[in-house]
Amino acid sequence: MTNTTYQQNIIPLLQKGKTNSYRPEDIKRWGVERFLDTVCSKEEIIIPVLGFTDEENKRMTTTLIEDTKEHDI
């Protein structure tokens, strides 16, 4: 494996506080599964409690249902 080929196969990791972007052709070359295994966090995502009331949650659910129906037409 040449140095150029080796460098093409290194997947740069995401860096906190910086914009990270990857070209589709690079992801295809690396392989999607390898790319996701390298870049994605292995830790469970914990969604914080945002403190919405039951009434606010019901209104948001209703709004989402209405928006979905409008886009399905």
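All values below were derived from every heavy atom in this structure, side-chain atoms included, with hydrogens, water molecules and symmetry-related copies excluded.
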**Q.** Heavy atoms from other residues, nucleotides or ligands near CD of Glu33 exceed 12 (cutoff 6.0 Å)
**A.**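 Result for CD/Glu33: open.
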Q) Just wondering, are more than 12 heavy atoms of other shown residues or ligands nearer than 6.0 Å to NZ in Lys42? A)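 Atom NZ in Lys42 is crowded, with more than 12 foreign heavy atoms closer than 6.0 Å.
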Q: Tell me whether Ile11 is reachable from Leu13 by hopping between hydrophobic residues (I, L, V, M, F, W, Y) whose side-chain heavy atoms are closer than 4.5 Å.
A: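 They do not share one cluster, since no chain of ILVMFWY contacts under 4.5 Å joins Leu13 to Ile11.
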Q) Which residues pass the side-chain contact (heavy atoms from CB on, under 4.5 Å) test with Thr53, sequence neighbours left out? A)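 Residues passing side-chain contact (heavy atoms from CB on, under 4.5 Å) with Thr53: Glu55, Glu56.
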(Q) For Leu50, give me all partners under side-chain contact (heavy atoms from CB on, under 4.5 Å), at least two apart in sequence or on another chain. (A)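 For Leu50 the side-chain contact (heavy atoms from CB on, under 4.5 Å) partners, ignoring immediate neighbours, are Pro48, Phe52.
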Quick one: [atom1] on [X] to [atom2] on [Y], what's the gap to the nearest 0.5 Å?
| X | Y | atom1 | atom2 | value |
| --- | --- | --- | --- | --- |
| Lys28 | Phe35 | NZ | CZ | 13.5 Å |
| Thr62 | Asp67 | OG1 | CG | 11.0 Å |
| Arg59 | Thr61 | CZ | OG1 | 11.0 Å |

Q | Contact check, side chains of Val39 and Tyr22, non-hydrogen atoms, under 4.5 Å | A |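 In contact.
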Q: If you link ILVMFWY side chains whenever their heavy atoms are less than 4.5 Å apart, which other residues fall into the same cluster as Ile65? By chain and number, please.
A: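 Besides Ile65, the cluster holds no residue at all.
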Q | NZ/NE/NH1/NH2 to OD/OE distance under 4.0 Å, Asp37 and Arg34 | A |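 Answer for the salt bridge query: no.
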